[in-house]
Amino acid sequence: MAANLIRSAKSGSGWTLNDVEAYHISLNQVDPLLFFGLQELPQPSVDQELLSNADADAMQQDCNAELITYLDLAMIPEKGEIAVDDFAVELFRVLGYVMPGIVMVGTSPVFFKIPVTRTLSAHIRRGTYPPEETHVTYCYPPVPRPARRHSEGMKPLEA
């Protein structure tokens with residue numbers, strides 16, 4: 001029955017557990033050190049002002065004020081997914097990252113490793129469900145208050 005469904009591209013927030021199961025995806029959360037293959041996570045290489053100040057109006061650098069303004073807007077649910085997208089683009093530009101493998105949940109990133117085989121790629125092109133399971137690993141970066149990850153995102157500065 002799933003083979004007869006019409007499939008179309010979706011935003012990450014539009015995926016359900018049914019989609020994950022239909023595409024034979026298994027998700028495995030791992031520790032950030034294991035995920036990145038490191039003994040210790042590096043400190044962020046950003047302007048210290050961003051790490052010590054959460055108020056856009058108090059920023060000395062315009063580019064830092066702009067990033068924090070995007071963050072503030074992304075934390076307002078009524079602004080919608082586009083505000084989160086705008087924040088993510090600006091954040092990853094500042095950090096020098098690229099987007100593939102990163103999903104934003106509110107203002108909190110989730111990192112994914114997705115093994116893309118020729119078979120999986122062919123099924124994606126054809127819009128069919130792959131019979132083989134795809135094992136995806138993911139991790140949440142450490143935040144000061146993990147239980148508040150979805151409500152606070154990247155906003156708290158206290159360690």
Side-chain angles (χ1 to χ4, degrees), residues 1-47 50-51 54 67-68 70-71 73-77 79-159:
M1 177 142 135
N4 296 325
L5 296 176
I6 297 173
R7 291 169 286 287
S8 58
K10 298 182 182 186
S11 168
S13 63
W15 276 66
T16 66
L17 287 177
N18 288 339
D19 293 314
V20 172
E21 288 177 12
Y23 281 96
H24 298 103
I25 298 169
S26 66
L27 297 169
N28 181 33
Q29 183 178 354
V30 297
D31 176 86
L33 295 176
L34 178 64
F35 183 87
F36 291 108
L38 300 171
Q39 297 294 318
E40 183 177 314
L41 291 177
Q43 291 300 310
S45 58
V46 297
D47 190 321
L50 287 169
L51 300 176
L67 178 62
I68 297 303
Y70 278 122
L71 172 60
L73 290 171
M75 293 185 69
I76 302 170
K79 295 292 182 183
E81 199 169 313
I82 191 69
V84 173
D85 294 346
D86 290 344
F87 166 68
V89 167
E90 183 64 14
L91 174 66
F92 295 131
R93 185 193 65 74
V94 167
L95 295 175
Y97 286 15
V98 292
M99 281 298 281
I102 303 171
V103 172
M104 297 300 290
V105 179
T107 61
S108 182
V110 183
F111 296 91
F112 289 86
K113 286 185 183 175
I114 305 166
V116 180
T117 64
R118 285 190 174 123
T119 302
L120 178 60
S121 181
H123 280 282
I124 290 169
R125 277 194 315 277
R126 290 190 299 260
T128 57
Y129 295 111
E132 302 84 16
E133 187 168 37
T134 300
H135 300 279
V136 174
T137 56
Y138 69 98
C139 81
Y140 294 103
V143 292
R145 296 185 287 263
R148 294 183 173 181
R149 174 184 311 280
H150 297 296
S151 62
E152 293 180 340
M154 296 176 58
K155 193 64 173 182
L157 298 175
E158 317 74 58

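Because the structure is a prediction, the values reported are computed rather than measured. Index from 1, following the sequence.
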Interatomic distance, CD1@Ile114 vs NE2@His135, rounded to 0.5 Å, equals 14.0 Å
If you compare all heavy atoms of Val116 against all heavy atoms of Leu120, which two are closest, and at what distance to 0.1 Å? CA-CD2, 4.1 Å
Least distance between heavy atoms, Leu73 atom then Ala83 atom: O-CB, 3.9 Å
Between Phe112 and Leu27, what is the shortest heavy-atom contact and its length? CE2-CD2, 4.4 Å
Side chain to side chain contact (heavy atoms under 4.5 Å, CB included) between Ile102 and Phe92: does it pass, once the steps are laid out? CA-CA 10 Å; Ile102 303 171; Phe92 295 131; 3.3 Å; yes
Locate the shortest heavy-atom distance separating Tyr23 from Thr128; write the atom from each residue and the value. CE2-O, 4.2 Å
When rounded to the nearest 0.5 angstrom, what distance separates CD in Glu133 from CD in Glu21? 10.5 Å
Can you tell me if CG on Leu17 sees more than 12 non-hydrogen neighbours from other groups inside 6.0 Å? no
Heavy-atom closest contact (Cys139 atom, Pro32 atom, distance): SG-CA, 4.0 Å
In Å, rounded to the nearest 0.5 Å, how long is the span from CG of Asp31 to OG1 of Thr137? 12.0 Å
Interatomic distance, Ile82 atom CD1 to Phe87 atom CZ [nearest 0.5 angstrom]: 14.5 Å
Has the side chain of Asp19 got a donor or acceptor atom that lies under 3.5 Å from a matching backbone atom of Thr16? yes
Where Leu67 and Glu90 come nearest, the two heavy atoms and their spacing: CD1-CG, 3.7 Å
Candidate pair Lys113 and Val136, rule side chain to side chain contact (heavy atoms under 4.5 Å, CB included), full reasoning: CA-CA 6 Å; Lys113 286 185 183 175; Val136 174; over 6 Å; no
Pro130 backbone acceptor or donor facing His24 side chain under 3.5 Å: yes
State yes or no: are the ring centers of Phe35 and Tyr138 separated by less than 6.0 Å? no
How far does OG of Ser108 sit from CE of Met75, to the nearest 0.5 angstrom? 10.0 Å
Where do Phe111 and Tyr140 land on the side chain to side chain contact (heavy atoms under 4.5 Å, CB included) test, with the steps shown first? CA-CA 6 Å; Phe111 296 91; Tyr140 294 103; over 6 Å; no
Neighbour count above 12 (heavy atom, 6.0 Å) for Lys79 NZ: no
